[in-house]
J.: 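Let me give you the structure first, and then I'll get to my questions.
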Amino acid sequence: MDEVIRMAEEGKPVLGICNGFQILCEAGLLPGALLQNRDLKFICKPVHVAITSTDSILTRAAEVGQILSIPLNSYEGNYQAPKDVSDQVVAVYCDADGLVDNSTNPNGSQGNAAAITNAAGNVAGIMPHPERAIEDILGSSDGQIFLKSFLESLEVIHV
């Protein structure tokens with residue numbers, strides 16, 4: 001982790017998916033923590049997320065308001081932070097029409113947060129799995145937008 005922390009501090013892109021998101025929080029690179037899901041059940045299903053910001057390594061190729069369908073597979077995906085981090089949330093859980101409320105929050109995450117960044121935007125964590133939604137035959141190719149964003153960030157920063 002020392003090397004990951006060093007890279008993050010240098011402004012290089014760092015991405016954590018699912019358990020990687022947990023690790024970035026535990027290492028102090030992202031605020032908050034991931035707790036057991038609200039209903040204390042493992043979640044394994046496709047979910048919808050809405051992009052709330054394109055100012056991050058995870059969402060730069062997306063559009064604000066864009067709704068994506070990607071799989072969620074977790075037991076500890078309930079994101080909680082000790083303070084309001086809404087300005088760092090880049091994707092929220094929603095329904096297919098973009099409704100964001102408690103009924104569209106699968107795990108109890110604060111503010112329906114599905115993905116957040118650090119204040120600089122170069123470290124991002126996402127609980128759903130974009131890498132499992134890269135081809136329509138898998139149920140969705142919507143995850144490509146997150147991975148494309150990350151790859152573009154690598155090119156911009158010249159890692």
J.: Between side-chain atoms of residues 105-116 and protein atoms elsewhere (two or more places apart, or another chain), which donor-acceptor pairs fall under 3.5 Å?
T.:
{"residue": "N105", "atom": "OD1", "partner": "N107", "partner atom": "N", "Å": "3.4"}
{"residue": "N105", "atom": "OD1", "partner": "G108", "partner atom": "N", "Å": "2.9"}
{"residue": "N105", "atom": "OD1", "partner": "S109", "partner atom": "N", "Å": "3.2"}
{"residue": "N105", "atom": "ND2", "partner": "S109", "partner atom": "O", "Å": "2.8"}
{"residue": "N105", "atom": "ND2", "partner": "N112", "partner atom": "OD1", "Å": "3.1"}
{"residue": "N107", "atom": "OD1", "partner": "S109", "partner atom": "N", "Å": "3.1"}
{"residue": "N107", "atom": "OD1", "partner": "S109", "partner atom": "OG", "Å": "2.8"}
{"residue": "N107", "atom": "ND2", "partner": "G77", "partner atom": "O", "Å": "2.8"}
{"residue": "N107", "atom": "ND2", "partner": "Y93", "partner atom": "OH", "Å": "3.3"}
{"residue": "S109", "atom": "OG", "partner": "G77", "partner atom": "O", "Å": "3.1"}
{"residue": "S109", "atom": "OG", "partner": "Y79", "partner atom": "N", "Å": "3.0"}
{"residue": "S109", "atom": "OG", "partner": "A113", "partner atom": "O", "Å": "3.3"}
{"residue": "Q110", "atom": "OE1", "partner": "A81", "partner atom": "N", "Å": "2.8"}
{"residue": "Q110", "atom": "NE2", "partner": "K83", "partner atom": "O", "Å": "3.2"}
{"residue": "N112", "atom": "ND2", "partner": "Y93", "partner atom": "O", "Å": "3.1"}
{"residue": "N112", "atom": "ND2", "partner": "D101", "partner atom": "O", "Å": "3.1"}
{"residue": "N112", "atom": "ND2", "partner": "T104", "partner atom": "OG1", "Å": "3.2"}

J.: Are I51 and L68 close enough that some pair of their side-chain heavy atoms sits under 4.5 Å apart?
T.: yes
J.: For a 4.5 angstrom cut-off between non-hydrogen side-chain atoms, does S74 reach N37?
T.: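 The answer is yes, as the side chains (C-beta and beyond) meet within the 4.5 Å cut-off.
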J.: Is there a side-chain contact between V92 and V49 (heavy atoms, below 4.5 Å)?
T.: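 Result no, sub-4.5 Å side-chain heavy-atom pair not found.
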J.: Which pairs with one or both residues in residues 38-55 pass side-chain hydrogen bond (donor to acceptor under 3.5 Å, both in side chains), sequence neighbours excluded?
T.: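 Checked against side-chain hydrogen bond (donor to acceptor under 3.5 Å, both in side chains) - neighbours excluded - the pairs reaching residues 38-55 are R38-N102.
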J.: Is it true that L72 and F42 fall in one hydrophobic cluster, defined by side-chain heavy atoms closer than 4.5 Å?
T.: no
J.: According to a 4.5 Å side-chain heavy-atom criterion applied to Ile, Leu, Val, Met, Phe, Trp and Tyr, with indirect links allowed, do L147 and V123 form part of one hydrophobic cluster?
T.: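 L147 does not cluster with V123.
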J.: With hydrophobic residues grouped by side-chain heavy-atom distances under 4.5 Å, do V89 and L99 end up in a single group?
T.: no
J.: Measuring from L35:CG to C25:SG, what's the distance to the nearest 0.5 Å?
T.: 9.5 Å
J.: Compute whether any side-chain donor of one residue and acceptor of the other, for N78 and Q80, lie under 3.5 angstrom apart.
T.: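 Yes, Q80 and N78 have a side-chain donor paired with an acceptor closer than 3.5 Å.
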J.: In the single-linkage hydrophobic clustering (I, L, V, M, F, W, Y; side-chain heavy atoms under 4.5 Å), do I57 and V64 co-cluster?
T.: no
J.: If I compare all heavy atoms of S69 with all of S140, which pair ends up nearest, and what's the gap?
T.: O-OG, 2.7 Å
J.: In a table with atom names and distances, give each donor-acceptor pair under 3.5 Å that connects a side chain of residues 126-137 to protein atoms at least two apart or in another chain.
T.:
{"residue": "H129", "atom": "ND1", "partner": "E131", "partner atom": "OE2", "Å": "2.7"}
{"residue": "R132", "atom": "NH1", "partner": "N73", "partner atom": "OD1", "Å": "2.9"}
{"residue": "D136", "atom": "OD1", "partner": "S141", "partner atom": "N", "Å": "3.4"}
{"residue": "D136", "atom": "OD1", "partner": "S141", "partner atom": "OG", "Å": "3.0"}

J.: Given 3.5 Å as the limit, does a donor-acceptor pair link the side chain of Q66 with the main chain of E63, or not?
T.: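 Yes, the answer is positive, given that a donor and an acceptor are paired below the 3.5 Å cut-off.
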J.: Evaluate the side chain to side chain contact (heavy atoms under 4.5 Å, CB included) criterion for residues I67 and C94: first the C-alpha distance (whole Å), next the side-chain angles of each, then the deciding distance (0.1 Å), finally the verdict.
T.: CA-CA 8 Å; I67 299 168; C94 65; 4.0 Å; yes
J.: How close do T59 and S149 get, heavy atom to heavy atom, and via which atoms?
T.: C-OG, 3.4 Å
J.: How many angstroms lie between CD in Q144 and CG in D142, if you round to the nearest 0.5 Å?
T.: 8.5 Å
J.: Answer yes or no: is there a side-chain heavy-atom contact under 4.5 Å between F21 and L30?
T.: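 Contact flag for F21/L30 side chains = yes.
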J.: Please tell me if the side chains of F150 and L58 come closer than 4.5 Å, counting only heavy atoms from C-beta onward.
T.: no
J.: Below 4.5 Å, heavy atoms only, C-beta onward: do I17 and F146 meet side chain to side chain?
T.: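 Side chain of I17 against side chain of F146, heavy atoms only: no contact under 4.5 Å found.
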J.: Quick one: list whatever passes salt bridge (Lys or Arg N to Asp or Glu O under 4.0 Å) with E3, sequence neighbours left out.
T.: R6
J.: Sequence neighbours excluded, which residues qualify as side-chain contact (heavy atoms from CB on, under 4.5 Å) partners of A120?
T.: N118, N122
J.: Does the side chain of V85 come within less than 4.5 Å of Q88's, by heavy atoms?
T.: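 Of all side-chain heavy-atom pairs linking V85 with Q88, at least one is under 4.5 Å.
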J.: Please check this pair: side chain of S56 against backbone of T117, looking for a donor-acceptor N/O pair closer than 3.5 Å.
T.: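 A pair under 3.5 Å: no.
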J.: Indicate, with yes or no, if I23 and L29 share a hydrophobic cluster defined by side-chain heavy-atom contacts under 4.5 Å among Ile, Leu, Val, Met, Phe, Trp and Tyr.
T.: yes
J.: Applying side-chain hydrogen bond (donor to acceptor under 3.5 Å, both in side chains), which residue pairs with at least one partner in residues 16-27 are found, sequence neighbours left out?
T.: Q22-E76
